[in-house]
Amino acid sequence: MANSASNSPSGRTSGSGCVDLLGQSRSPAFPYYKDWKFDFGSDLRPKICIISSTSAGLEQTLPWLFYHKVIGVSTFFLFVEGKAATPNVSKVLESIPGVKVIYRTKELEEQQAKSRIWNETWLASFFYKPCNYELFVKQSLNMEMAIVMAKEAGMDWIIHLDTDELIYLAGAREYSLRQLLSEVPGNVDMVVFPNYESSVERDDIKEPFTQVSMFKKNYNHLPKDVYFGNYKEATCGNPNYFLTYGNGKSAARIQDHLRPNGAHRWHNYMKTPNEIKLDEAVVLHYTYPKFSDLTSRRDRCGCKPTRDDVKRCFMLEFDRSAFIIASTATEEEMLRWYRERVVWTDKALNLKLLRKGILTRIYAPMGIIQGLRESGIFTSVIQSAQTTLSKEKFLTSIESSNSTRVDEPKIMSSRKIGQKESQATARRILEIVNEFSYDSVIPPLSPPVPDDIHEGI
């Protein structure tokens, strides 16, 4: 497997690398990289879109977005809230070709309240619960809407991805997602990207995409004897092998009756999708890469920091522990906990696990994003969005967007939007009752633990 920049043309940052691809370059390494605006229209196939629900600022979203443009994604459906929905952020995002920004307005909430999802059982166990469960439902509703938008835009593939995740195309020709998906057999409905998890080596990371190069491999990409034989050392005292989920993300071919199956998978109302799992290309999940992630996640959830209450709010054990620490400990205690549980400071252990193949170094995304930053594209996009609008027009747009957006205290929770009356008929636009409609949703799952070893053999 390709583990570093040296294994793909995208990993070089000088000579014929990505820095030299900026501007008007037509290097064969990026056949779709035509100019810095990435406004390449509809001349390339397959057409790929990403749907994401985000509250992140430009410092995270712009590198994430343009990196995926580089590898072949043409369209982005961004469902924004929080910081991402503020005028200074959203106006920049709206100015980028291929980006559709969707605000959580009252109109959106009312439209999603009519979704057939509320009248089905596959996601029912997540309804009317707080924090991560509420986010999971919201993501599913957004994915459902994005499918319709993708069809209208003529997309061929759709991927659900968070803004702390990057697709890493190990083994793909030309480091091209378009090339990778074009080679998928026509009878395949879904492509699963296993996820690798970031393993930070410092507690002062500010820009994860360009400062983190070490990742823990997915168990699907490891021999069983290596995975289980080194399980204890690889967990570093945490509840599981990965801090959070281990079941990857997926791309779905746009087709009739497609639906979400939670944030990690897609499904179909009329059939069981034919899926394949990739052996090399993965999703890189930058998990708690910054110390500030502890408090920012805490501030988005109003649950009590008790063992019983956090079970209502978080699906995974590490998230529960992190929330309790962030809610009850001092800054010094939090930093000590973060260093013990998240930061890989034992260089001897790191080297051992690198040699075993459990940890790996990956530089390609880092090189691409650093090249984009050095080109000035992020600054140019921000300046262009600000200068395109006159000061008066900019202020008017702020006032207008504020008036049409839901005020924070009045935002309707996804726990409530399914509780309205007289919506049964609206939800049953396509009333199809069969065994495929009500399969249980796939939640974020932790990798297997040693007790599971006999189940997999």
- Item | Residue pair Tyr196, Tyr168: steps toward the ring-ring contact (aromatic ring centres under 6.0 Å, His included) verdict | CA-CA 9 Å; Tyr196 287 9; Tyr168 172 56; 7.5 Å; no
- Query: Any side-chain heavy atom of Leu284 sitting closer than 4.5 Å to one from Asn195?
  - Reply: no
- Could you tell me whether His285 and Phe242 have their ring centroids closer than 6.0 angstrom? no
- Message: Once ring-ring contact (aromatic ring centres under 6.0 Å, His included) is applied, do any residues pair with Tyr286, and if so which ones, sequence neighbours excluded?
- Response: Phe209, Phe215
- Shortest non-hydrogen pair, Ser176 vs Leu169, comes out as C-CD1, 3.5 Å
- Task: Kindly give the heavy-atom pair with the smallest separation between Arg253 and Val188, and that separation in Å.
- Result: NE-O, 2.9 Å
- Message: Rounded at 0.5 Å granularity, tell me how far CD1 in Ile147 sits from NE2 in His160.
- Response: 11.0 Å
- Note on the structure: Rounded to the nearest 0.5 Å, the CG atom of Asn218 sits from the CG atom of Asn220 at a distance of 4.5 Å
- Please round to the nearest 0.5 Å and tell me the distance separating atom CH2 of Trp64 and atom CG of Leu62. 11.0 Å
- Query: Taking 4.0 angstrom as the limit, do Lys271 and Asp189 come out as a salt bridge?
  - Reply: yes
- In a single word, yes or no, tell whether Cys313 and Cys301 have an SG-SG distance below 2.5 angstrom. no
- Should Phe228 and Val449 count as side-chain neighbours, where that means a heavy-atom distance under 4.5 Å? no
- Using a strict cut-off of less than 4.0 Å between a Lys/Arg side-chain nitrogen and an Asp/Glu carboxylate oxygen, indicate whether Lys249 and Asp162 qualify as a salt bridge. yes
- Residues passing the salt bridge (Lys or Arg N to Asp or Glu O under 4.0 Å) test with Arg300, sequence neighbours excluded, are none
- Item | Side-chain donor or acceptor of Asn274 paired with backbone N/O of Asn187 under 3.5 Å | yes
- Task: Please identify each residue that fulfils side-chain contact (heavy atoms from CB on, under 4.5 Å) with Ala322, with sequence neighbours left out.
- Result: Tyr288, Leu294, Phe318, Trp337
- Task: Mind listing the closest non-hydrogen atom pair of Asp203 and Phe291 along with its distance?
- Result: O-CB, 3.9 Å
- Decide yes or no for Leu278 and Val192: does some side-chain heavy atom of the first lie under 4.5 Å from some side-chain heavy atom of the second? no
- Query: Within the side chain of Asn238, is there an N or O that forms a donor-acceptor pair under 3.5 Å with the backbone of Thr235?
  - Reply: yes
- Query: Are Glu81 and Arg104 within salt-bridge range, i.e. N to O under 4.0 Å?
  - Reply: yes
- Message: Taking the side chain as everything from C-beta on, heavy atoms only, tell me whether Arg178 gets closer than 4.5 Å to Ile48.
- Response: yes
- Query: Backbone N or O of Trp344 within a donor-acceptor pair of the Asn350 side chain at under 3.5 Å?
  - Reply: yes
- Message: Is there a side-chain contact between Gln255 and Asn268 in this structure, where contact means two heavy atoms from C-beta onward sitting under 4.5 Å apart?
- Response: yes
- When you measure from the side chain of Lys216 to the backbone N and O of Ala234, does any donor-acceptor pair fall under 3.5 Å? yes
- Message: For Tyr269, does the six-membered ring have the charged nitrogen or CZ of Arg259 within the cation-pi criterion, i.e. under 6.0 angstrom from the centroid and within 45° of the normal?
- Response: yes
- Is there a donor in the side chain of Thr61 and an acceptor in the side chain of Thr163, or the other way round, less than 3.5 Å apart? no
- Task: Check whether any side-chain heavy atom of Phe127 lies under 4.5 Å from a side-chain heavy atom of Leu123, and answer yes or no.
- Result: yes
- Charged N-O contact under 4.0 Å between Lys290 and Glu207: no
- Looking only at heavy atoms, which two atoms of Tyr231 and Asn240 are closest? And how far apart? OH-CA, 3.6 Å
- Item | Tyr241 and Ser446 side chains, donor-acceptor separation under 3.5 Å | no
- Is it true that a side-chain atom of Asp309 and a backbone atom of Pro305 form a donor plus acceptor pair closer than 3.5 Å? no
- Message: I'd like to know if the side chain of Arg312 reaches the main chain of Cys303, judged simply by a donor and an acceptor atom lying under 3.5 Å from each other, with no hydrogens or angles considered.
- Response: no
- Side chains of Pro443 and Phe126: does their closest heavy-atom pair fall under 4.5 Å? yes
- Query: What distance separates Cys131 SG from Lys129 NZ, expressed to the nearest 0.5 Å?
  - Reply: 12.5 Å
- Identify whether the distance between the nearest side-chain nitrogen and carboxylate oxygen of Lys217 and Glu197 falls below 4.0 Å. no
- Task: With sequence neighbours left out, write down each residue that passes salt bridge (Lys or Arg N to Asp or Glu O under 4.0 Å) with Glu201, or none if nothing qualifies.
- Result: Arg361
- Message: Out of the candidates Ile117, Val137, Leu141, only one should pair with Gln112 under the side chain to side chain contact (heavy atoms under 4.5 Å, CB included) rule; please name it.
- Response: Leu141
- Message: Among residues at least two apart in sequence or on other chains, which ones pass salt bridge (Lys or Arg N to Asp or Glu O under 4.0 Å) with Lys277?
- Response: none
What side-chain donor-acceptor pairs closer than 3.5 Å can you find for residues 149-158, not counting sequence neighbours?
{"from": "Asp156", "atom 1": "OD1", "to": "Arg45", "atom 2": "NH1", "distance (Å)": "3.3"}
{"from": "Asp156", "atom 1": "OD2", "to": "Arg45", "atom 2": "NH1", "distance (Å)": "2.9"}
{"from": "Asp156", "atom 1": "OD2", "to": "Lys47", "atom 2": "N", "distance (Å)": "2.6"}

- Message: How close do Val212 and Ser198 get, counting heavy atoms only, and between which atoms?
- Response: CG1-CB, 3.9 Å
- Any side-chain donor-acceptor pair under 3.5 Å between Glu275 and Ser250? no
- Task: List the atom of Glu280, the atom of Val282, and the distance in Å for their closest heavy-atom pair.
- Result: O-CG1, 3.3 Å
- Message: In terms of relative ring orientation, are Phe378 and Phe66 parallel, tilted or perpendicular, with 30° and 60° separating the classes?
- Response: tilted
- Message: To the closest 0.5 Å, what do you measure between CG (Leu222) and NZ (Lys224)?
- Response: 12.5 Å
- Worked check of side chain to side chain donor-acceptor pair (under 3.5 Å) between Ser321 and Arg307: CA-CA 8 Å; Ser321 299; Arg307 278 293 165 192; 3.3 Å; yes
- Message: Tell me whether Asn247 contacts the main-chain N or O of Leu445 through its side chain, where contact means a donor paired with an acceptor under 3.5 Å.
- Response: yes
- Item | Verdict with supporting geometry, Tyr227 and Ile358, side chain to side chain contact (heavy atoms under 4.5 Å, CB included) | CA-CA 7 Å; Tyr227 175 77; Ile358 291 174; over 6 Å; no
- Task: Rounded to the nearest 0.5 Å, what's the gap from CD on Gln179 to CD on Glu174? Could you check?
- Result: 5.5 Å
- Do the non-hydrogen side-chain atoms of His267 and Pro273 ever get within less than 4.5 Å of each other? yes
- Task: Could you go through the side chain to side chain contact (heavy atoms under 4.5 Å, CB included) check for Glu233 and Leu349 one step at a time?
- Result: CA-CA 8 Å; Glu233 286 184 304; Leu349 176 60; 3.9 Å; yes
- Given the options Ile369, Leu372, Leu65, Val70 meets side chain to side chain contact (heavy atoms under 4.5 Å, CB included) only with Leu372
- Once the angle between the rings of His264 and Tyr245 is folded into 0 to 90°, is it parallel (under 30°), tilted (30 to 60°) or perpendicular (over 60°)? perpendicular
- Item | side chain to side chain donor-acceptor pair (under 3.5 Å) evaluation trace for Gln139 with Ser53 | CA-CA 6 Å; Gln139 287 175 325; Ser53 304; 5.3 Å; no
